[in-house]
Number of protein chains: 2
Amino acid sequence: MSTGPKPQTIGAVERAADVLNAFTELDGATAGVTELSDRLGLSKAVVHRILASLRARGFIDLDEQTRRYSLGPASLALGLTYLQQIDVRDAARSVLRDLSEQTNETATLSIRRGDVRMYVDQVTPAREVKMTVQLGHPYPLHAGASSKAFLAHLSAAHVDEYLAGPLEALGENTITDPVLLRLDLGEIRKRGYAASFGERQEGAASIAAPVSDHENDTVAVISVCGPVERFRDEVGAIAPVLLEATRELSRKLGWEG
Amino acid sequence: MSTGPKPQTIGAVERAADVLNAFTELDGATAGVTELSDRLGLSKAVVHRILASLRARGFIDLDEQTRRYSLGPASLALGLTYLQQIDVRDAARSVLRDLSEQTNETATLSIRRGDVRMYVDQVTPAREVKMTVQLGHPYPLHAGASSKAFLAHLSAAHVDEYLAGPLEALGENTITDPVLLRLDLGEIRKRGYAASFGERQEGAASIAAPVSDHENDTVAVISVCGPVERFRDEVGAIAPVLLEATRELSRKLGWEG
DNA sequence: GCGGCGAGTTCCGCTGAGCGGAACGGCGTT
DNA sequence: AACGCCGTTCCGCTCAGCGGAACTCGCCGC
């Protein structure tokens, strides 16, 4: 992050960006003016004008029957343009599928940008009770196996800086004590993978391991996740399969061990 | 489109959206302040403030060494949130791969939103001279096989409305005469697929056919494309393979013929 | 049918947020 | 060293955008 003075910004533009970000955080695909107004603390008139402006440029669609708003095609264009800059998702697809088949659980792929990470792909097993994750939603780096797998492989300076900030609890089991977290990160590095039982999402368990590229950077994290009740018994069998999958994808990305 | 009076918008927000859209249209992954300023006809100070505002909310990244800007993770979150609303891409993946293997050419998947369509997936063959397309870039509905395949299957009223508007030429071979285009659309519907030789992109040729869902709506278009020189000789053999692929995906999406 | 309610939409007076021109600082080239 | 170009910052000026409130419409209960 920049240490200089903060550059001049435009409040109206920031508020519009807040509106767009709200759509990635909401549970439903559509939102109404009042809902966004309450959520963001803006007047209905402002929200309405922002939505109308973004709609004029393709970022927002309006269903004129229900009078509710959803993301528009320019949003997709933006995301796919961003994805063009990375090809990890394509390379990982077959690895994820094999991993899901071998474990009979959900396999996910995450990437990190700054101090957040997000799921960018998943393969779910052909069974009724299973986990599915929300693609694109940003998560902090301390909560959940995939997040901690990234955090454990950042530089010591970056870890220090991250742990000096607020550690938000996503659920009852999220580790928010920096001392405990450091111990966990040490275990993760020694063991090769991170584990989480309800830290990011109650009822959900997962193990996750990093994927490296030709520069030995951690460019992605692969996880296997499922409902807590049955996952505890499966971890021992899943871990070596996960580690082999991450090695396979790492080799694909030019990692040489 | 709404026929009522245009709602109040915010100019600053529209200008910010123009900046974001510019990143989906540029050839490179990064852009500088002056380049965007020239492109959009805004002062450098305005562009800088817009970029700073969008950066504050995660939509833009700044490389502090090169002092150039690129899309940030919130852009990806937006696109993937949008993608969550559709699952065509997942369903089509194996169909695209088989199609590319059988034809030894690039297979693409497009979706349409309003009067634009975009590539949302592609599978390229294992050969050196091949076509690749840019995911996420919006194209008008009259230029190129994938676009025309959508246009040919819109309602007559929608086609009338579209053809009454300006038909921008993307290249020398783009059809911009509404009368000629109507004839072509009729052929497309009769033949079952659209063909293009350099209409969207010079040197590129493709054929494309629609994919239908359980409501018989055209929800996607699949194309096979390659360099013009060799494609002319291959069209006859590729067409039935393409049509079978679209029928297969359509059945997957609940189409019953 | 009527009235109330809640949602999205529109209007308009007011003022400070945002604009643009220009200066500044840094870097690369000659 | 001078120059050009880029991104960044500053500041005077004014109108773009804000918020409060009225409006419209659809739904629901009586």
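In what follows, chains are A, B, ... by sequence order, proteins preceding strands, each numbered from 1.
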Worksheet item: Roughly how far apart are His158(B) NE2 and Leu151(B) CG, rounded to 0.5 Å?
Response: 8.0 Å
Response to the item:
Rounded to whole Å, CD of Glu64(B) lies from C1' of dG25(C) at a distance of 16 Å
Worksheet entry | Under 3.5 Å donor-acceptor, Asn21(A) side chain and Arg57(B) backbone | yes
Practice prompt. Return the value, rounded to whole Å, for the distance between atom CD1 of Ile10(A) and atom P of dT8(D).
Written response: 14 Å
Discussion item. I'd like to know whether Ser223(B) forms a side-chain hydrogen bond (donor to acceptor under 3.5 Å, both in side chains) with Thr108(B), so could you lay out the CA-CA distance, the side-chain angles of the two residues, the decisive distance to 0.1 Å, and finally the verdict.
Written reply: CA-CA 5 Å; Ser223(B) 84; Thr108(B) 73; 2.5 Å; yes
Discussion item. Angle between ring planes, His142(A) versus Tyr162(A), binned at 30° and 60°: parallel, tilted or perpendicular?
Written reply: tilted
Practice prompt. Considering only NZ, NE, NH1 and NH2 on the basic side and carboxylate oxygens on the acidic side, decide whether Asp160(B) and Arg182(B) come within less than 4.0 Å.
Written response: yes
Worksheet, complete the sentence: Ranking Arg15(A) and Glu35(A) by the position along DNA chain C of their nearest nucleotide, the one closer to 5' is Glu35(A)
Fill in: d(CD, Gln8(B); P, dG19(D)) in whole Å
13 Å
Worksheet, complete the sentence: Within residues 43-51 of chain A, those residues having any heavy atom closer than 4.0 Å to DNA chain D are Ser43(A), Ala45(A), Val46(A), Arg49(A)
Discussion item. dT8(D), OP1 or OP2 - any side-chain N/O from Tyr69(B) closer than 4.0 Å?
Written reply: yes
Worksheet item: Whole-Å distance between dA7(C) P and Arg68(A) CZ?
Response: 10 Å
Discussion item. Using only atom types and a distance under 3.5 Å, with no angle test, would you say the side chain of Arg117(A) pairs donor to acceptor with the backbone of Ser110(A)?
Written reply: no
Practice prompt. Quickly work out the Leu42(A) CG to dC18(D) P distance and round it to whole Å.
Written response: 9 Å
